[in-house]
Amino acid sequence: MKRVYYSAYVSVNKDNLLPTLNTPPLLRENRLYQADWLIRFYGFKTNELLDDSHPNFNNLLDPKCEWALRHLENFPVDVNTADFYTLLRVPGIGVISAKRIIRARRNFNLNFENLKGLGIVLKRAVYFITCSRKIL
């Protein structure tokens, strides 16, 4: 299977036999698409995102950020030395941004101002990265 499509359950009428919704259905659908993206393009495995101790996605955090917070032992990551796949695990850094970092650091050491110029979402990434051991 290459692709999976999700559709949120939305009740069209009121009936006691229909399931009640504890969370907004579109949020759950969105989390499933985010997880699907992480698996297909970021190299995550399903058991990394959900397991017996975490059987459901967090309503407040996207799956990548939730994974990072559960694995703080992997952080902070130095953007000037980390490999491509390690950069992909950092919230706020996507596939294109990770490629830009790898390309740019061939010419010079990156700092936080450079990262902002490369399109990194520093608002999210700043908690998980360093630039040559410097913290913002």
Side-chain angles (χ1 to χ4, degrees):
M1 210 176 341
K2 284 188 170 188
R3 185 82 164 98
V4 177
Y5 293 92
Y6 307 99
S7 180
Y9 168 76
V10 179
S11 177
V12 293
N13 59 13
K14 303 287 184 208
D15 190 336
N16 292 337
L17 298 175
L18 294 173
T20 58
L21 300 173
N22 296 329
T23 61
L26 294 178
L27 178 62
R28 173 86 174 142
E29 180 181 322
N30 187 36
R31 293 290 183 249
L32 290 170
Y33 276 113
Q34 289 171 329
D36 177 52
W37 195 265
L38 292 176
I39 292 165
R40 289 190 303 128
F41 298 108
Y42 288 65
F44 281 82
K45 304 291 181 218
T46 54
N47 62 351
E48 291 179 287
L49 299 174
L50 295 176
D51 56 24
D52 291 337
S53 60
H54 301 93
N56 296 306
F57 292 116
N58 189 324
N59 290 336
L60 303 175
L61 298 171
D62 67 84
K64 187 177 182 183
C65 191
E66 183 182 7
W67 177 88
L69 290 173
R70 285 197 327 247
H71 294 88
L72 290 174
E73 69 276 5
N74 298 330
F75 301 101
V77 170
D78 190 330
V79 296
N80 286 301
T81 59
D83 64 89
F84 177 75
Y85 294 101
T86 302
L87 290 172
L88 285 180
R89 300 268 169 155
V90 177
I93 298 178
V95 175
I96 294 171
S97 299
K99 288 178 182 177
R100 287 178 183 164
I101 289 171
I102 300 291
R103 205 171 324 128
R105 72 183 187 193
R106 290 180 193 153
N107 301 318
F108 55 90
N109 273 343
L110 298 170
N111 59 36
F112 287 101
E113 198 59 39
N114 299 136
L115 292 177
K116 193 181 295 184
L118 292 175
I120 309 305
V121 183
L122 282 180
K123 183 170 107 177
R124 299 182 67 211
V126 71
Y127 304 104
F128 303 99
I129 61 172
T130 62
C131 293
S132 300
R133 298 187 181 164
K134 294 179 183 157
I135 300 172
L136 184 65

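- Under a 3.5 Å cut-off, the side chain of Asn80 and the backbone N or O of Leu110 do form a donor-acceptor pair.
- With sequence neighbours excluded, the residues forming a side chain to side chain donor-acceptor pair (under 3.5 Å) with Asp83 are Thr86, listed by chain and number.
- For the pair Glu29 and Leu32, the minimum side-chain heavy-atom distance is 4.5 Å or more.
- Taken to the nearest 0.5 Å, the CZ atom of Phe57 stands 4.0 Å off from the CG atom of Leu50.
- With values rounded to the nearest 0.5 angstrom, Leu38 atom CG is found 12.5 Å from Lys45 atom NZ.
- Remark: Asp36 pairs with Arg3, Arg40 by the side chain to side chain donor-acceptor pair (under 3.5 Å) rule, at least two apart or across chains.
- Applying the salt bridge (Lys or Arg N to Asp or Glu O under 4.0 Å) test to pairs two or more places apart or on separate chains, those with a residue in residues 88-107 are Glu48-Arg89.
- In this structure, Phe41 and Trp37 have tilted ring planes: the angle between them lies in the 30° to 60° band.
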### Task
Show the numbers, then the answer: is there a side-chain contact (heavy atoms from CB on, under 4.5 Å) between Leu115 and Cys131?
CA-CA 9 Å; Leu115 292 177; Cys131 293; 3.6 Å; yes
Donor-acceptor contacts, no H, no angles, side chain residues 118-126, under 3.5 Å, sequence neighbours left out:
from	atom 1	to	atom 2	distance (Å)
Arg124	NH2	Asp62	OD1	3.4
Arg124	NH2	Asp62	OD2	2.2

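- When side chains are defined from C-beta on, Thr46 does not count as touching Asp51, because their heavy atoms never get closer than 4.5 Å.
- Using a distance-only test at 3.5 Å, with no hydrogens or angles considered, a donor-acceptor pair links the side chain of Lys64 to the main chain of Ile93.
- Across all non-hydrogen atoms, the minimal contact from Pro63 to Ala35 is CG-N, 4.1 Å.
- With a 6.0 Å radius and a threshold of 12 heavy atoms from other residues, nucleotides or ligands, Phe108 has its CZ atom above the threshold.
- Between Val95 and Phe84 there is a side-chain heavy-atom pair separated by less than 4.5 Å.
- Rounding to the nearest 0.5 angstrom, the gap separating the CG atom in Asn59 from the CZ atom in Arg28 is 9.0 Å.
- Taking the side chain as every heavy atom from C-beta outward, Val90 and Phe75 approach each other to under 4.5 Å.
- Enclosure of atom OH in Tyr42 by more than 12 non-hydrogen atoms of other residues, nucleotides or ligands within 6.0 angstrom is indicated.
- The shortest distance between side-chain heavy atoms of Pro76 and Phe128 does not fall below 4.5 Å.
- Within a 6.0 Å radius of CD1 in Ile96, no more than 12 heavy atoms belonging to other residues, nucleotides or ligands are found.
- For residues 66-79, the pairs satisfying salt bridge (Lys or Arg N to Asp or Glu O under 4.0 Å) are Glu66-Arg70, with sequence neighbours left out.
- Scanning for side chain to side chain donor-acceptor pair (under 3.5 Å) contacts around Thr81 gives an empty result, with sequence neighbours left out.
- Trp67 has its side chain within reach of Asn74: a pair of non-hydrogen atoms, C-beta onward, lies under 4.5 Å apart.
- Looking at heavy atoms from C-beta onward, Asn109 lies out of side-chain contact with Asn114 at the 4.5 angstrom threshold.
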